Each structure stands twice: as structure tokens, then as C-alpha cells.
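To keep things clear, I will list the structure first and then write my remarks on it.
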Amino acid sequence: MKIYERKNFPRTANDLKTMYKKGVLSFDNAVQRSFVWKNTKKDNRMSMLIDSMMRGFPIPAMYCNCLFEDAKNKVYDFLDGKQRTTTIIKFLNDEFELVNIPILEDDEDNRYDFNGLTFSQLPEQFQDTIKTYSLTVYYYDNMDQEDAEEMFRRLNNGKSLTAIELSRANAVSKNVISKLGKHELFKKVLSERSITSYANEDIVVKTWIELFNDKKSFETKDVRPQLKECEITEEQMIIIKNIYDVYLLLLEKIINDKQTKIFKKITNKLQLISLCFILKKVIEENIEIENLKEWIDNFFETENKEVSINSRYNEISKGREAIREKEVKERLQILEENFNQYIEKIDSEEFIKL
């Protein structure tokens, strides 16, 4: 690891809002986690931060990696402090009301209940207190990715990045992965908590490995080096995006038919990734989505709790074995053989009709 000079620049809350509007602040780096703070009665961290500012309580320093090639075009990429800074900017923009904060008393024994109020609804003196609140931001010029990860770990009490966070941090195509991870499909099949944990991007990564990589292993020890070396091309990105589009249409038909059981099966993370292999074939061969759905109904409709009608497929869709290369390939082979048999049957029936 290198030695870095720690620099700082005190900024007011309003300064941070202005910098963010100008695009000088960034929160979307590989090590920074998603915005997870809430503003509910049960979890009111956002409101309590604003309350602390109005009371003059201290807010811990924040840390950035200052990225630039030209010193005139610097971007402060937050490694720590995303939750606090985002909350402050959101409140200054009137994006939430204060919830479940205690009564505030001033030196003259005036009592203020600010619950239910946005920033612009506060008395002017408290608006000024928030806007001029001074925050300390430390930064390091052009810190290496590995050193940024290590600093993140130390700032988070030794908690390392998760497997997917490390994978995306080292990915050559992290911007493409992030873009595909915002597809509407994931809002339909994943919880908000799963998305904040990057489960959507994990699915994108494994979809790409399944479709375009020779080594079709979902084990972390194999995923990370592949992402570090391989670039997702624009053509591959479009193919994956089209697959997710068709998947969304398929799910809408299943929802309309009230097939809750099948919906749960094929939105399971492993099955979702596996079925992308078949959807690629559907798109390439211009197969009707109604035929795809009929095959899905046939293959995944069971009387018991098993995933599918194929016992071997069920066996290799469980536990740690399911992510190994041998089992991934075998699962895809079973899906392809079963799907081909079904399509041949459909074609032969159409031929007889003719």
C-alpha cells in the first residue's frame, strides 16, 4: 500500500448541496454501499441527523477519494459518509419530512415540535443553522482501488466488503453491470433490501458468465478473476438487456394467470439466471412468448415442492453444488434438451395441422 497525504476541506451543508448539483460529488464508486437509511418512526436515522445539526451536535468526518486527471476537474468520490451527505442534500431539497424527533428547546425556553415539517417549512433561523452547519471532509488524491478498499474496511470497524461488493469493485465493466442492474426486472423480483445489497448486480454478473464465458462457474473464486480480466461488450450488454425485457413480459403473463407458485420458482435467483440461457435462444430463434410460457408451465408445474419435473435438475439446483461449473453446465443442458423437445413437438403438431 502507498502512503497518502490526508487533506481536508471544511464545507457547509449548503456547499455540499451545490457541489452535488454541479456533479463534483460522487457516491457510486465500487466500495461505497447503497443508500440504506430510512425515515420512518421505527428507523428515523435521516430525521435524527437533521435534528443533530439543529442542536449543534457533532457529525463524524467523511472521507473521499479525489479523482482527477486535470486539477481543474476534480470529483470527490465518497468512501465514507454517503448516508449522511445524501440525507443532508435530500432534506435541503425538501425530499422528506422530519419524523419522530424530540422537542427542541432554545435558550429562551421556547419549545419547537418540527415533526412533519420539510426544510422549507422550518423557521428561517433553523434553516440557516442547517445550511451553514460546517462538515469536515477528508480526502486523498487519486487513491488506488485496493487502498480505497482497505481504507473502507478500516473505517467500517474491520468489516470487509461482501463477495459481490469485492467482485464489482474489481470488475473492468462495473459501469455496464450497474446499468444492467437498474433494469425494471429487478424491481419486480427482488426486495429493496436485496437491491441495496447488490443482488441485482450479482445476477447480472452471473448472467454474463453463463451466456458468454467458457468457465461457467458461479463460485466466488472463479467469478472475481473473470470480472477483473474480461470486458462486457456493448453487443453483450444489449443481448442481456433484451433477455431481461422478455423475462419481464413472461412474468407479467404469469402474474396475469395468477400462477404464484411458478412465479416464485422462476424468480428464485438461481432459476432466474439459468432461464436467461433459454430466453437467449427464444430471442435468437424468434420463438413466440406464448410457447415459452407453455414450456415454463410444463417444466416447472409440479404436484410437490420440487423445482421442476426433472429429478436430476432438482438435485443439482440445491446447496453449494448448484454454483459449481459442472452443475451449472449440466443444468443448462437439461433445460436446453427439454426446451428443444418441447419446441419440436410444437412444430410437428403445426406441421400435422397444415
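Because the structure is predicted, anything quoted here is derived from the model rather than measured. All residue numbers refer to positions in the sequence shown, counting from 1.
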* Asked: Which pairs with one or both residues in residues 5-19 pass salt bridge (charged side-chain N to carboxylate O under 4.0 Å, His left out), sequence neighbours excluded?
  -> Lys7-Asp141
* Structure fact -> Residues at least two apart in sequence or cross-chain that pass side-chain hydrogen bond (donor to acceptor under 3.5 Å, both in side chains) with Lys318, listed by chain then number, are none
* With Asp43 via side-chain contact (heavy atoms from CB on, under 4.5 Å) - residues at least two apart -> Lys38, Thr40, Arg45
Using atom types as modelled, flag every donor-acceptor pair under 3.5 Å from a side chain in residues 50-63 to any protein atom, sequence neighbours excluded.
residue, atom, partner, partner atom, Å
Asp51, OD1, Arg55, NE, 3.1
Asp51, OD1, Arg55, NH2, 3.4
Asp51, OD2, Arg55, NE, 2.7
Ser52, OG, Met48, O, 3.0
Arg55, NH2, Pro102, O, 3.2
Arg55, NH2, Ile103, O, 3.1

* Around atom CG of Asp70, are there more than 12 heavy atoms of other residues, nucleotides or ligands at under 6.0 Å? -> yes
* Point-to-point distance, once rounded to the nearest 0.5 Å, from CD1 of Ile278 to CD1 of Ile296 -> 8.5 Å
* Between Asp147 and Lys2, does at least one N-O distance fall below 4.0 Å, as a salt bridge requires? -> no
* To do: Mind running side-chain contact (heavy atoms from CB on, under 4.5 Å) on Val75 and Asn65 for me, showing each step along the way?
  => CA-CA 8 Å; Val75 173; Asn65 190 7; over 6 Å; no
* Asked: Can you find a heavy atom in the side chain of Asn44 that is under 4.5 Å from one in the side chain of Lys41?
  -> no
* Minimum side-chain heavy-atom gap Lys90-Phe119 below 4.5 Å -> no
* Asked: Is the number of heavy atoms from other residues, nucleotides or ligands within 6.0 Å of CD (Glu290) greater than 12?
  -> yes
* To do: Compare all side-chain heavy atoms of Phe9 with those of Tyr76 and state whether any distance is below 4.5 angstrom.
  => yes
* Asked: Nearest 0.5 Å, what's the CZ-OH distance between Phe126 and Tyr112?
  -> 5.0 Å
* Could you state the interatomic distance from CD1 (Ile289) to CD1 (Ile287), rounded to the nearest 0.5 Å? -> 11.5 Å
* **Exercise: do Tyr313 and Gln271 side chains pair donor with acceptor under 3.5 Å** => yes
* Asked: Can you list the residues that meet the side-chain contact (heavy atoms from CB on, under 4.5 Å) rule with Ser120, with sequence neighbours excluded?
  -> Asp94, Thr118
* Asked: Do side-chain atoms of Gln83 reach the backbone of Trp37 as a donor and acceptor pair under 3.5 angstrom?
  -> yes
* Does a salt bridge link Arg312 with Glu330, judged by any charged N lying under 4.0 Å from a carboxylate O? -> yes
* Structure fact -> Separation between OG (Ser217) and CZ (Arg324), nearest 0.5 Å, reads 10.0 Å
* **Phe339 vs Val282, side-chain contact (heavy atoms from CB on, under 4.5 Å): CA-CA, chis, key distance, verdict** => CA-CA 10 Å; Phe339 184 72; Val282 166; 3.7 Å; yes
Would you mind writing out the side-chain donor-acceptor pairs for residues 249-261 within the sub-3.5 Å range, not counting sequence neighbours?
residue, atom, partner, partner atom, Å
Asn256, ND2, Glu252, O, 3.1
Asp257, OD2, Lys293, NZ, 3.0
Gln259, OE1, Lys293, NZ, 2.8
Gln259, NE2, Asp297, OD1, 3.2
Lys261, NZ, Thr302, O, 2.7
Lys261, NZ, Asn304, O, 3.4

* Which pairs, with at least one residue in residues 229-258 and sequence neighbours excluded, count as a ring-ring contact (aromatic ring centres under 6.0 Å, His included)? -> His183-Tyr244, Phe186-Tyr244
* Contacts of type side-chain contact (heavy atoms from CB on, under 4.5 Å), residue Glu284, not counting sequence neighbours -> Lys280
* Pairs satisfying salt bridge (charged side-chain N to carboxylate O under 4.0 Å, His left out), at least one member in residues 206-218, at least two apart -> Asp202-Lys206, Lys215-Glu325
* Distance (rounded to the nearest 0.5 Å) between Leu335 CG and Trp295 CH2 -> 5.0 Å
* Asked: Would you say the side-chain atoms of Asn200 pair up with the backbone N or O of Gly181, donor to acceptor, closer than 3.5 Å?
  -> yes
* **Note, Leu79 side chain near Tyr140 side chain (heavy atom, < 4.5 Å)** => no
* **Donor-acceptor contact below 3.5 Å, side chain Asn110 vs main chain Asp106** => no
* Do Asn39 and Ser47 have side-chain atoms, one donor and one acceptor, less than 3.5 Å apart? -> yes
* Asked: Would a 4.5 Å heavy-atom cut-off, applied to side chains only, mark Cys64 and Val137 as touching?
  -> yes
* Asked: When you measure from the side chain of Lys265 to the backbone N and O of Val307, does any donor-acceptor pair fall under 3.5 Å?
  -> yes
* Rounded to the nearest 0.5 Å, what separation is found between the CG atom of Leu180 and the OG atom of Ser173? -> 10.0 Å
* Not counting sequence neighbours, which residues clear salt bridge (charged side-chain N to carboxylate O under 4.0 Å, His left out) with Lys187? List them please. => Glu184
* Gln333-Glu337 side chain donor-acceptor pair, cut-off 3.5 Å -> yes
* **Heavy-atom side-chain proximity of Arg331 to Leu270 below 4.5 angstrom** => yes
* Results of side-chain contact (heavy atoms from CB on, under 4.5 Å) for Ile283 - residues two or more places apart only -> Asn242, Ile243, Val246
* Asked: Is there a donor-acceptor pair under 3.5 Å between the side chain of Thr12 and the backbone N or O of Thr132?
  -> no
* Decide yes or no for Met46 and Phe91: does some side-chain heavy atom of the first lie under 4.5 Å from some side-chain heavy atom of the second? => no
* Run the side-chain contact (heavy atoms from CB on, under 4.5 Å) check on Asn314 and Asn310 step by step: do they pass? -> CA-CA 6 Å; Asn314 298 338; Asn310 187 292; 5.6 Å; no
* Determine whether Val204 and Lys179 make a side-chain contact, defined as any pair of heavy atoms from C-beta on separated by less than 4.5 Å. => no
* Residue pairs passing the salt bridge (charged side-chain N to carboxylate O under 4.0 Å, His left out) test where at least one lies in residues 238-247, sequence neighbours excluded -> Lys241-Asp245
* Asked: How far apart are the C-alpha atoms of Glu288 and Asn291, what are their side-chain angles, what is the distance that settles it, and do they pass the side-chain contact (heavy atoms from CB on, under 4.5 Å) test?
  -> CA-CA 5 Å; Glu288 296 288 339; Asn291 290 339; 3.9 Å; yes
